[in-house]
Amino acid sequence: MASFWGCATGNKKGPNIRKVKLEINVDHFERDFFGLDTNKLEQGLDSLKTKYGYFYNDFLYNIAAFSMDDGELKGQINAFLRSNKEVYDSVDYYIPHLNRQIKEIENAFKRAKIYFPGLDLPTKVITYIGPIDGYGSFVSKSGLCIGLQQFFGSKFSGYIKQADYLESLFGKQRLQQFAPDYIAPNAIMSWINREFPDKAGHFTLGEKLAEEGRKVYLLKALLPDLTDSAIFGYSESQTKWCHNNSIIIKRYFEQKSLLQTKNPEKIVAYLSDNLRPSDLPKEFPDNIGKYLGFIMVQDFMDDHKNTTLPVLMELDFGKIRLK
């Protein structure tokens with residue numbers, strides 16, 4: 001069983017994946033959908049349903065939230081195509097190296113195949129254009145699905161026009177991740193969340209930090225070549241500050257006895273991109289719990305070097321404590 005050593009900043013260690021047989025196939029739903037002949041919509045939709053199976057229904061009724069009433073569907077699709085034409089036409093300009101992000105995803109799953117040989121891994125990526133305020137990525141029965149509309153970068157006019165609304169919905173921290181460099185980590189984290197869902201129960205903040213930290217640790221193991229800012233979802237300056245002040249972060253949580261709290265509102269505030277505790281020092285980025293959780297897990301793994309990733313992901317996270 002392969003294990004993972006050393007998640008320190010700049011460490012690019014990982015298994016040799018050159019001989020791992022796994023290929024990601026990519027279907028571009030947005031091309032087929034925006035290529036529909038609206039004069040022959042019924043035939044076009046039948047073809048999409050045949051080609052995309054489960055994802056066809058996911059897109060129509062969950063992502064785009066179209067009516068299930070066939071009498072309303074045609075008008076809603078035409079309206080969607082018109083209102084999102086600018087977004088679709090902008091894909092190649094704002095995400096010019098999509099193949100690079102797909103390769104990062106493929107390599108991540110090759111590493112996952114080594115670390116978790118018993119898991120069934122996605123072999124298909126489906127890209128699509130959906131509402132900007134909708135899903136960024138998720139895992140379905142059809143494969144790993146990526147909403148390209150959330151990865152255009154800060155200069156995209158569609159984000160600028162809706163800046164206040166999007167910030168109120170996602171928070172500044174999450175909006176920083178609306179860029180191409182976050183396609184792979186966002187997509188792989190959606191797979192991690194699906195494969196290793198949060199455990200139900202009334203846990204302390206410390207336990208929830210450990211739970212989240214394991215996921216970030218695994219994300220970094222699967223994408224060892226990405227920058228830490230891409231892994232944590234912080235800006236470069238925020239990430240550098242965290243690395244240089246990890247002791248201050250630890251002391252803040254210790255001095256306020258925060259790790260023992262079971263207050264759901266407090267727990268959510270320290271692990272959220274769009275909520276922030278009122279007394280959190282301004283230097284701390286939003287979702288600081290993600291970083292501290294990772295540090296807790298990294299310290300645990302440094303002290304238990306024979307622990308494999310499968311063991312870590314199933315471990316009672318009450319055993320992972322702040323050093």
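The structure presented is a predicted model; accordingly, all values stated were derived computationally and were not measured.
- Taking every heavy atom of both residues into account, Tyr234 and Ile288 meet most closely at OH-CA, 3.7 Å.
- Cluster membership check: Ile160 does not share its hydrophobic cluster with Phe151, using side-chain heavy-atom separations under 4.5 Å among Ile, Leu, Val, Met, Phe, Trp and Tyr.
- You'll find the side chain of Leu41 reaches within 4.5 Å of the side chain of Leu36, heavy atoms only.
- Residue Leu169 is grouped with residue Leu271 when hydrophobic side chains (ILVMFWY) are merged at heavy-atom distances under 4.5 angstrom, including chains of intermediate members.
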### Query
When you look at Phe109 and Leu144, which way does the side-chain contact (heavy atoms from CB on, under 4.5 Å) test go after all the steps?
CA-CA 11 Å; Phe109 283 130; Leu144 182 59; 3.8 Å; yes
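- Counting heavy atoms from C-beta on, the side chains of Phe294 and Ile231 never come closer than 4.5 Å.
- When every heavy atom of Leu280 is checked against every heavy atom of Pro285, the shortest pair comes out as CD2-O, 4.1 Å.
- No more than 12 heavy-atom neighbours from other residues, nucleotides or ligands sit within 6.0 angstrom of CD1 on Ile247.
- Expressed to the nearest 0.5 Å, how far CZ of Phe138 lies from CZ of Arg194 amounts to 9.5 Å.
- Under the side-chain contact (heavy atoms from CB on, under 4.5 Å) rule, Ile188 has a single partner from Leu226, Leu222, Asn193, which is Leu222.
- Nearest approach of Cys242 to Tyr291, heavy atoms of both residues: O-OH, 3.3 Å.
- A distance of 4.5 Å separates OH of Tyr270 from CG of Leu258, quoted to the nearest 0.5 Å.
- In this structure, Glu283 CD and Ser237 OG are separated by 12.0 Å, a value rounded to the nearest 0.5 Å.
- Contact check on Lys240 versus Asp228 returns no salt bridge, with no Lys/Arg side-chain nitrogen under 4.0 Å from an Asp/Glu carboxylate oxygen.
- Side-chain contact between Phe317 and Leu209 is absent, with no heavy-atom pair separated by less than 4.5 Å.
- The stretch residues 47-56 participates, sequence neighbours left out, in these salt bridge (Lys or Arg N to Asp or Glu O under 4.0 Å) pairs: Asp32-Lys51.
- The minimum heavy-atom distance between Gly233 and Tyr182, with the atom names listed, is CA-CE2, 3.9 Å.
- Side-chain contact between Ile95 and Ile183 is present, with at least one heavy-atom pair separated by less than 4.5 Å.
- Closest approach of Gly153 to Pro180, counting heavy atoms only: N-CD, 4.2 Å.
- Linking Ile, Leu, Val, Met, Phe, Trp and Tyr whenever their side-chain heavy atoms come within less than 4.5 Å puts Ile129 and Tyr61 in one cluster.
- Atom OH of Tyr54 has 12 or fewer neighbouring heavy atoms from other residues, nucleotides or ligands inside a 6.0 Å radius.
- Legend: residues meeting side chain to side chain contact (heavy atoms under 4.5 Å, CB included) with Lys40, ordered by chain and number and at least two apart, are Asp37, Gln43.
- For residues 69-84, the side chain to side chain donor-acceptor pair (under 3.5 Å) pairs, not counting sequence neighbours, are Ser67-Glu72.
- A donor-acceptor pair under 3.5 Å is formed between the side chain of Ser190 and the backbone N or O of Ala187.
- With sequence neighbours left out, Tyr94 forms a side chain to side chain contact (heavy atoms under 4.5 Å, CB included) with Ser90, Phe152, Phe156.
- For the pair Phe34/Asp89, no side-chain contact is recorded, criterion being any heavy-atom separation below 4.5 Å from C-beta on.
- The salt bridge (Lys or Arg N to Asp or Glu O under 4.0 Å) search around Arg111 returns Asp225, not counting sequence neighbours.
- Considering CG of Asn25 and CD1 of Ile126, their distance stands at 11.0 Å, rounded to 0.5 Å.
- Expressed to the nearest 0.5 Å, how far CE of Met189 lies from CG of Leu219 amounts to 4.5 Å.
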### Task
Give the C-alpha distance, both sets of side-chain angles, the deciding distance and a yes or no for side-chain contact (heavy atoms from CB on, under 4.5 Å) between Leu309 and Tyr217.
CA-CA 9 Å; Leu309 284 173; Tyr217 189 91; 3.9 Å; yes
### Task
Please assess Ile249 against Trp241 for the test side-chain contact (heavy atoms from CB on, under 4.5 Å), listing each intermediate value before the final yes or no.
CA-CA 10 Å; Ile249 297 171; Trp241 186 89; 3.9 Å; yes
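- Residue pairs meeting the side chain to side chain donor-acceptor pair (under 3.5 Å) criterion with at least one member in residues 310-323, sequence neighbours excluded: Asp303-Lys323.
- Arg174 places no side-chain N or O within donor-acceptor distance of the main-chain N or O of Asn274, the cut-off being under 3.5 Å.
- Applying the salt bridge (Lys or Arg N to Asp or Glu O under 4.0 Å) test to every pair with at least one member in residues 247-271, sequence neighbours left out, gives these pairs: Lys250-Asp299, Lys256-Asp279.
- Shown here for Leu312 and Ile320, the closest heavy-atom pair between the two residues is CD1-CD1, 4.1 Å.
- Annotation for Tyr135: atom OH does not count as buried by contact number, only 12 or fewer foreign heavy atoms lying within 6.0 Å.
- With a 4.5 Å cut-off on side-chain heavy atoms, Ser142 and Tyr56 do not count as touching.
- Remark: aromatic rings of Phe170 and Tyr159 are distant, center separation not under 6.0 Å.
- Pairs engaging residues 14-31 under the salt bridge (Lys or Arg N to Asp or Glu O under 4.0 Å) rule: Asp27-Lys124 [sequence neighbours left out].
- Proximity of a side-chain donor or acceptor of Ser229 to a complementary backbone N or O of Thr239 within less than 3.5 Å is not detected.
- In this structure, CD1 in Ile77 is found 5.0 Å from CG in Leu60, a value given to the nearest 0.5 Å.
- With sequence neighbours left out, the salt bridge (Lys or Arg N to Asp or Glu O under 4.0 Å) criterion links Lys215 to Asp198.
- The aromatic rings of Phe80 and Phe33 lie perpendicular to each other, with more than 60° between the two planes, well past the 30° mark.
- At least one donor-acceptor pair under 3.5 Å links the side chain of Gln149 to the backbone N or O of Pro131.
- Scored by the side chain to side chain contact (heavy atoms under 4.5 Å, CB included) test, Gln176 finds Gln173, Ser235, Gln238 as partners (sequence neighbours excluded).
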### Task
Apply the test side-chain contact (heavy atoms from CB on, under 4.5 Å) to residues Leu98 and His28: give CA-CA distance (whole Å), side-chain angles for both, the deciding distance (0.1 Å), then the verdict.
CA-CA 11 Å; Leu98 181 58; His28 295 282; 3.8 Å; yes
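- For the side chain to side chain donor-acceptor pair (under 3.5 Å) condition, the pairs that include at least one residue of residues 162-172, sequence neighbours left out, are Asp133-Tyr165.
- Residues Phe203 and Ile267 fail the side-chain proximity criterion, which asks for heavy atoms closer than 4.5 Å.
- Val311 and Met301 fall into different hydrophobic clusters, where Ile, Leu, Val, Met, Phe, Trp and Tyr side chains are chained together by heavy-atom contacts under 4.5 Å.
- The backbone N or O of Gln150 lies less than 3.5 Å from no partner atom in the side chain of Gln177, so there is not a single donor-acceptor pair.
- For the pair Ile24/Leu22, a side-chain contact is recorded, criterion being any heavy-atom separation below 4.5 Å from C-beta on.
- Applying the salt bridge (Lys or Arg N to Asp or Glu O under 4.0 Å) rule to pairs touching residues 178-189 yields Arg100-Asp181, sequence neighbours excluded.
- Although no hydrogens or angles enter the test, the distance criterion places a donor-acceptor pair under 3.5 Å between the side chain of Arg214 and the main chain of Leu315.
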